[in-house]
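In what follows, a structure is listed as structure tokens, so that the remarks can point back to it.
Counting begins at 1 with the first residue of the sequence.
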Amino acid sequence: MGNSATAAPGEAQSETPPAQSEVPAPQSEAPAEQPAQTALAGPAPSELIGLDEQRTTALLGPAAAMEARAPATVWHYKGARCSLHLTFYMEMRSGRMRTLHAEFKGDAATPERRQTCLKAIIEENRKAEPS
């Protein structure tokens with residue numbers, strides 16, 4: 001039995017696949033963590049388009065200012081380092097005002113900075129709301 005490794009080399013090779021099957025398990029755990037992180041980040045800037053006024057207020061809180069620019073209405077949100085202007089137009093099919101344009105100003109040159117700006121606006125509005 002001391003020579004079993006030399007007498008049956010095929011058996012030694014058959015032990016290798018179970019060790020390899022352990023490798024995929026850690027890889028399948030990594031993607032499961034990513035959705036939780038994006039859920040905490042809030043809405044993406046692209047998700048602002050098409051929202052009605054009620055849903056916009058629910059996501060971002062009340063606007064700092066509103067401006068009527070017929071036929072549109074512009075809502076202004078302010079963050080510490082950036083601002084967001086949402087332009088609403090009437091959607092004829094539903095009769096609701098919906099966002100058709102979102103414009104970031106200030107420190108919002110990249111998609112990452114726009115996401116950071118949006119998150120900051122949401123956080124600041126939540127702090128300002130009475131508890």
Side-chain angles (χ1 to χ4, degrees):
M1 289 201 174
N3 293 338
S4 62
T6 55
E11 289 178 17
Q13 290 176 357
S14 66
E15 292 177 18
T16 305
Q20 290 174 350
S21 67
E22 294 173 13
V23 175
Q27 291 173 350
S28 65
E29 291 172 11
E33 295 174 15
Q34 290 174 350
Q37 291 173 349
T38 55
L40 297 174
S46 62
E47 294 172 351
L48 299 174
I49 305 303
L51 297 176
D52 64 16
E53 294 168 314
Q54 183 179 8
R55 183 71 179 134
T56 301
T57 302
L59 279 175
L60 305 180
M66 295 180 188
E67 178 183 0
R69 290 188 198 167
T73 302
V74 181
W75 288 15
H76 302 277
Y77 288 89
K78 296 187 186 287
R81 300 175 66 187
C82 64
S83 62
L84 168 63
H85 305 278
L86 293 177
T87 307
F88 291 83
Y89 289 92
M90 178 66 69
E91 179 187 56
M92 297 310 214
R93 185 179 42 181
S94 68
R96 291 182 171 200
M97 296 292 281
R98 295 198 182 271
T99 54
L100 291 183
H101 183 69
E103 181 180 8
F104 288 86
K105 296 192 175 200
D107 187 17
T110 65
E112 293 81 13
R113 288 187 178 178
R114 286 189 287 277
Q115 183 68 47
T116 300
C117 174
L118 187 56
K119 186 177 179 185
I121 287 169
I122 293 168
E123 288 174 359
E124 288 175 30
N125 271 341
R126 287 190 180 147
K127 287 179 192 174
E129 290 178 357
S131 298

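- Clustering ILVMFWY residues whenever any of their side-chain heavy atoms sit less than 4.5 angstrom apart, transitively, puts Leu100 in a cluster other than the one holding Met97.
- Of all heavy-atom pairs between Pro45 and Phe104, the closest is CB-CE1, 3.8 Å.
- Between the side chain of Tyr77 and the main chain of Gly61, a donor-acceptor pair closer than 3.5 Å is present.
- Within the model, atoms CD of Glu112 and CD of Gln115 stand 9.5 Å from one another, a figure rounded to the nearest 0.5 Å.
- Taking all atoms of both residues into account, the shortest heavy-atom contact from Phe88 to Leu51 is CE2-O, 3.8 Å.
- Residues Met92 and Tyr89 are members of separate hydrophobic clusters, defined by side-chain heavy-atom contacts under 4.5 angstrom among Ile, Leu, Val, Met, Phe, Trp and Tyr.
- Within the 4.5 Å cutoff, side-chain heavy atoms of Ile122 are placed close to those of Pro43.
- Distance check, rounded to the nearest 0.5 Å: OG1 of Thr99 to CD of Glu47 gives 11.5 Å.
- Here the NE2 atom belonging to His76 is positioned 10.0 Å from the CD atom belonging to Glu103, to the nearest 0.5 angstrom.
- The minimum heavy-atom distance linking Ser83 with Cys117 is given by the pair N-SG, 4.2 Å.
- Every side chain to side chain donor-acceptor pair (under 3.5 Å) that Ser94 has, sequence neighbours left out, goes to Glu91.
- Of all heavy-atom pairs spanning His85 and Lys105, the tightest one is NE2-CD, 3.6 Å.
- Here the shortest heavy-atom pairing between Arg113 and Ala109 reads CB-N, 4.2 Å.
- Taking the side chain as every heavy atom from C-beta outward, Trp75 and Thr57 approach each other to under 4.5 Å.
- Note that CZ of Arg126 and CG of Leu60 are 9.0 Å apart. Values are rounded to the nearest 0.5 Å.
- Contacts of Ile49 classified as side chain to side chain contact (heavy atoms under 4.5 Å, CB included), with partners at least two apart in sequence or in another chain: Ala102.
- In this structure the side chain of Leu59 reaches within 4.5 angstrom of the side chain of Arg55, judged on heavy atoms.
- Legend: salt bridge (charged side-chain N to carboxylate O under 4.0 Å, His left out) pairs involving residues 67-76, not counting sequence neighbours, sorted by first then second residue: Glu67-Arg69.
- Ile121 and Leu48 fall within a single hydrophobic cluster, where Ile, Leu, Val, Met, Phe, Trp and Tyr side chains are chained together by heavy-atom contacts under 4.5 Å.
- The line from CG of Leu86 to CZ of Arg98 is 14.0 Å long, rounded to the nearest 0.5 Å.
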